[in-house]
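Written out below as structure tokens is the structure these notes cover.
Note that the structure is a prediction, hence the values are computed from the model and not measured.
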Amino acid sequence: QVQLVESGGGLVQPGGSLRLSCAASGFTFDYHIIAWFRQAPGKEREGVSCISSSDGMTYYADSVKSRFTISRDNAKNTVYLQMNSLKPEDTAVYYCAASRSPRSGSTYYAPSEADFGFWGQGTQVTVSS
């Protein structure tokens with residue numbers, strides 16, 4: 001059974017930091033691209049960042065570039081999203097997702113929901129003073 005479990009969300013002041021974790025099980029983790037998506041109230045879900053299966057290639061949306069860092073530990077089947085200099089507009093539910101197959105998705109463009117078939121339940125990030 002495929003499972004993706006996010007953790008690390010919470011309430012933080014503007015300018016603060018959080019580190020999200022995504023623990024995966026039930027599939028060959030190191031064959032799949034892993035992405036972080038987020039969905040703010042009243043908005044569509046957007047792809048924030050993704051990381052390739054084994055060569056460390058990454059993608060970041062312009063809105064988070066230079067503030068967020070994605071990484072993965074294949075030995076622990078875990079992906080991380082380090083979020084620094086957080087802004088109120090980063091407030092959203094953050095989801096991690098695994099590509100549908102080893103050939104789905106890419107780090108050359110924004111992650112698309114169509115390429116990702118396994119999803120976590122989401123973790124709330126609120127940036128507010």
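- Residues Leu4 and Trp36 are members of one and the same hydrophobic cluster, defined by side-chain heavy-atom contacts under 4.5 angstrom among Ile, Leu, Val, Met, Phe, Trp and Tyr.
- Arg19 places none of its side-chain heavy atoms less than 4.5 Å from the side chain of Leu81.
- Residues Val64 and Arg38 have side chains in contact (heavy-atom distance under 4.5 Å, counting atoms from C-beta outward).
- For the atom pair OG (Ser106) and CE (Met57), the distance works out to 8.0 Å, reported to the nearest 0.5 Å.
- By the 4.5 Å heavy-atom criterion applied to side chains, Lys76 and Ser21 are not counted as neighbours.
- Within a 6.0 Å sphere centred on CD of Glu89, other residues, nucleotides and ligands contribute more than 12 heavy atoms.
- Among all heavy-atom pairs drawn from Glu113 and Arg100, the shortest one is O-NH2, 4.4 Å.
- The cluster map of Ile, Leu, Val, Met, Phe, Trp and Tyr, joined by side-chain heavy atoms under 4.5 Å apart, puts Val2 and Tyr31 in different clusters.
- For residues 87-129, every residue pair satisfying the disulfide (SG to SG under 2.5 Å) rule, not counting sequence neighbours, is listed here: Cys22-Cys96.
- Val93 places none of its side-chain heavy atoms less than 4.5 Å from the side chain of Arg45.
- Clustering ILVMFWY residues whenever any of their side-chain heavy atoms sit less than 4.5 angstrom apart, transitively, puts Val48 in the very cluster that holds Ile51.
- Annotation: side chain of Pro14 is in contact with side chain of Pro88 (closest heavy-atom distance under 4.5 Å).
- Taking each heavy atom of Gly120 and Tyr95 in turn, the nearest pair found is O-CD2, 3.7 Å.
- Pairing each heavy atom of Gln121 with each of Val5, the nearest pair is OE1-CA, 3.8 Å.
- Residues that satisfy the salt bridge (charged side-chain N to carboxylate O under 4.0 Å, His left out) test with Arg103, not counting sequence neighbours, are absent from this structure.
- Using a distance-only test at 3.5 Å, with no hydrogens or angles considered, a donor-acceptor pair links the side chain of Asn74 to the main chain of Ser53.
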Full working for side chain to side chain contact (heavy atoms under 4.5 Å, CB included) between Gln82 and Ser17: CA-CA 7 Å; Gln82 178 66 43; Ser17 298; 4.0 Å; yes
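- Between Gln3 and Phe118, every side-chain heavy-atom pair lies at or beyond the 4.5 Å cut-off.
- In this structure Val125 satisfies the side-chain contact (heavy atoms from CB on, under 4.5 Å) test together with Leu18, Leu20, Met83, Tyr94, Val127, sequence neighbours excluded.
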Stepwise side-chain hydrogen bond (donor to acceptor under 3.5 Å, both in side chains) test for Asp30 and Ser54: CA-CA 6 Å; Asp30 51 358; Ser54 59; over 6 Å; no
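- Residue pairs meeting the ring-ring contact (aromatic ring centres under 6.0 Å, His included) criterion with at least one partner in residues 55-90, sequence neighbours excluded, do not occur; the list is empty.
- By the salt bridge (charged side-chain N to carboxylate O under 4.0 Å, His left out) test, Lys43 pairs with no residue at all, sequence neighbours left out.
- Applying the disulfide bond (SG atoms under 2.5 Å apart) criterion to Cys50, with sequence neighbours excluded, gives no partner residue.
- Among pairs with a residue in residues 97-129, none fulfils disulfide (SG to SG under 2.5 Å), at least two apart in sequence or across chains.
- In the hydrophobic clustering of ILVMFWY residues, with side-chain heavy atoms under 4.5 Å counting as a link, Ile33 and Phe27 come out apart.
- A distance of 8.5 Å separates OG1 of Thr91 from CG of Leu86, quoted to the nearest 0.5 Å.
- Remark: side-chain polar atoms of Glu6 are not paired, donor with acceptor, to backbone N or O of Thr123 under 3.5 angstrom.
- Arg67 is linked by a salt bridge (charged side-chain N to carboxylate O under 4.0 Å, His left out) to Asp90, counting only residues two or more places apart in sequence or in another chain.
- A donor-acceptor pair under 3.5 Å links the side-chain atoms of Arg72 to the main chain of Ser52, judged by distance alone.
- For the atom pair Asp115 CG and Ser104 OG, the distance stands at 5.5 Å (nearest 0.5 Å).
- Residues satisfying the ring-ring contact (aromatic ring centres under 6.0 Å, His included) test with Phe116, not counting sequence neighbours, are Phe37.
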Phe29 vs Val79, side chain to side chain contact (heavy atoms under 4.5 Å, CB included): CA-CA, chis, key distance, verdict: CA-CA 10 Å; Phe29 180 78; Val79 170; 3.5 Å; yes
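- Under the disulfide (SG to SG under 2.5 Å) criterion, no residue pair touches residues 98-129, with sequence neighbours excluded.
- Scanning for salt bridge (charged side-chain N to carboxylate O under 4.0 Å, His left out) contacts around Asp55 gives an empty result, with sequence neighbours left out.
- Contact record, Gly47 with Pro111: CA-CG, 3.6 Å, taken as the closest heavy-atom pair.
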Test side chain to side chain contact (heavy atoms under 4.5 Å, CB included) applied to His32 and Ser99, step by step: CA-CA 6 Å; His32 291 253; Ser99 56; 3.3 Å; yes
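- Residue pairs meeting the disulfide (SG to SG under 2.5 Å) criterion with at least one partner in residues 100-129, sequence neighbours excluded, do not occur; the list is empty.
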